[in-house]
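Okay, structure first, notes after.
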Protein chains: 2
Amino acid sequence: MTIAAKCVVLPKSSMRDYTQLSPAAERIVDVAEALIQHQGFNGFSYEDIAQTVGIRKPSVHHHFATKADLATVVTQRYVQRFISALENLDRSIVEPRKRLLAYAQLFQETYNNNRHLCLCGMLGAESETLPASVREQLKQFFEANLNWLTATLVQARPERAASAQALAMLLLSALEGAMIVGRSRPEADAPAQVAQAFLEQLSV
Amino acid sequence: MTIAAKCVVLPKSSMRDYTQLSPAAERIVDVAEALIQHQGFNGFSYEDIAQTVGIRKPSVHHHFATKADLATVVTQRYVQRFISALENLDRSIVEPRKRLLAYAQLFQETYNNNRHLCLCGMLGAESETLPASVREQLKQFFEANLNWLTATLVQARPERAASAQALAMLLLSALEGAMIVGRSRPEADAPAQVAQAFLEQLSV
DNA sequence: GTCTATATCTTGATAGAC
DNA sequence: GTCTATCAAGATATAGAC
């Protein structure tokens with residue numbers, strides 16, 4: 001099969017690009033992102049989006065034919081932005097321990113906005129009901145986070161490099177979990193607190 | 001207002017008791033519990049339950065008038081059973097560190113069943129869309145877990161009692177999060193692995 | 001306790017005018 | 001790009017017979 005033929009058979013949803021959204025499409029993606037983080041993919045409807053954006057349901061369908069299309073673009077944009085944020089941390093913060101604190105702050109800032117979950121944490125919980133295109137993005141998100149955390153933990157404590165992978169999974173899981181557990185708790189800074197406990201107790 | 005009057009105004013759903021379920025009602029609760037753990041409260045319908053149990057939709061409504069009623073009973077039973085399991089651990093395992101490993105195994109065993117999430121982890125993510133009666137149960141679940149973990153961590157390391165609360169939140173969050181992150185990863189033992197990393201690295 | 005039948009509403013989605 | 005109108009399917013829920 002030629003490369004051209006391969007491109008032709010790509011499903012329409014895969015050709016959408018979050019970097020080329022019209023202003024109206026971008027507003028829809030913004031609202032959908034917030035609704036997923038607040039209520040989950042199965043907890044909102046096109047009608048909810050239409051009312052928040054201030055348009056009608058068919059106008060939403062004009063920009064994103066199906067809910068699966070919309071979720072794919074929302075997730076794609078979130079994952080790419082998050083990966084960009086990780087690259088920014090590498091460029092702007094030299095000390096590994098401070099970089100890890102800034103990383104935890106990414107989760108805390110998300111949570112500060114009306115206790116919003118990490119988009120991929122919410123979708124990860126619902127993943128059994130999601131289209132494959134979204135699940136693929138989730139894999140990328142978690143893998144990128146684990147790779148970044150592992151590398152940063154090795155930099156912070158080279159003598160413990162052997163356990164860096166396991167600690168990366170521990171910290172990522174703790175941050176995702178803290179946003180969920182924290183919703184049923186009074187504290188507003190659960191993600192920052194678990195990260196602090198992690199770094200202090202492990203002397204990172 | 002008299003105590004009697006207060007009882008009278010209790011909504012019907014609050015009077016349901018998971019300890020007095022008929023065999024048919026219990027089968028429905030079993031199936032609903034599994035569906036929530038697999039797909040979430042907003043990811044299944046009465047029709048799904050009916051088909052799995054092998055009855056018709058109205059028969060499900062006969063036992064649980066509304067989806068909120070059903071979710072309340074499912075959650076109530078799950079939380080009480082989990083608290084009983086914690087009491088069993090206290091009775092049957094003397095050494096605190098082994099008790100913590102057995103605790104983590106509770107999550108791992110849940111996860112071994114088709115990557116089922118902790119029921120309260122899934123509902124915690126969806127909590128913004130849930131009835132108050134379910135949210136109340138979630139608070140109880142997480143508080144009971146944090147109290148049990150804090151006490152057990154103090155027993156394991158009395159000299160670190162001051163940080164036991166923060167470490168309890170770290171471990172609980174990590175276990176809940178590992179089930180979610182793990183769904184997008186190849187490993188089948190994410191909960192057990194994060195618990196092991198926690199106990200090893202913190203020398204518990 | 002279970003069923004058939006039905007009501008009502010919501011949801012995701014389409015047709016076609018402007 | 002947005003709208004009105006509409007649809008088919010699915011979801012929650014009820015009425016009433018057996």
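By convention in this document, chain letters (A, B, ...) are assigned in the order of the sequence lines, proteins followed by strands, and residues within each chain are numbered from 1.
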salt_bridge(R185(B), E187(B)) N-O dist < 4.0 Å: yes

When you measure from the side-chain N and O atoms of S59(B) to the phosphate of dC3(C), is any distance below 4.0 Å, counting only OP1 and OP2? yes

May I ask you to verify if any side-chain N or O of H61(A) is less than 4.0 angstrom from the OP1 or OP2 atom of dG1(D)? no

Check every strand shown and say whether F44(A) touches a base, only sugar-phosphate, or nothing at a heavy-atom separation below 4.0 Å. sugar-phosphate

Working to the nearest 0.5 Å, report the span between CG of L119(A) and CZ of F141(A). 8.5 Å

Please report the distance, rounded to the nearest Å, between CD in E47(B) and P in dA9(D). 15 Å

So, is H62(A) close to the dC3(D) phosphate, meaning a side-chain N or O under 4.0 Å from OP1 or OP2? no

Please report the distance, rounded to the nearest Å, between CD1 in I49(B) and P in dG10(D). 17 Å

Considering just the side-chain nitrogens and oxygens of S22(B), establish if one lies under 4.0 Å of OP1 or OP2 belonging to dG1(C). yes

Start with the C-alpha gap between E128(B) and R115(A), add the side-chain angles, then the distance that decides, and say whether salt bridge (Lys or Arg N to Asp or Glu O under 4.0 Å) holds. CA-CA 10 Å; E128(B) 293 293 330; R115(A) 302 210 178 199; over 6 Å; no

How many whole angstroms separate atom CZ of F64(B) from atom P of dT12(D)? 15 Å

Round to the nearest Å and state the distance from Q51(A) atom CD to dT10(C) atom P. 11 Å

Between Y111(B) and H116(B), is the ring centre distance below 6.0 Å? no

Taking the side chain of R27(A) as its heavy atoms from C-beta onward, which of dT2(C), dA13(D), dT2(D) lies nearest to it? dT2(D)

Over how many whole Å does the gap from L70(B) atom CG to dA11(D) atom P extend? 15 Å

Nearest-angstrom distance from the residue atom CG of D69(B) to P of dA11(D): 19 Å

Between Y46(B) and P58(A), which residue's closest nucleotide on DNA chain D lies nearer the 5′ terminus? P58(A)

Side-chain N or O of S45(A) less than 4.0 angstrom from OP1 or OP2 on dT11(C)? yes

H63(B) NE2 to dC3(C) C1': how many Å, rounded? 12 Å

Electrostatic pair R77(A)-D17(A), nearest N-O below 4.0 angstrom: no

Measure the distance from CD1 on I55(A) to P on dT2(D) and round it to the nearest whole Å. 5 Å

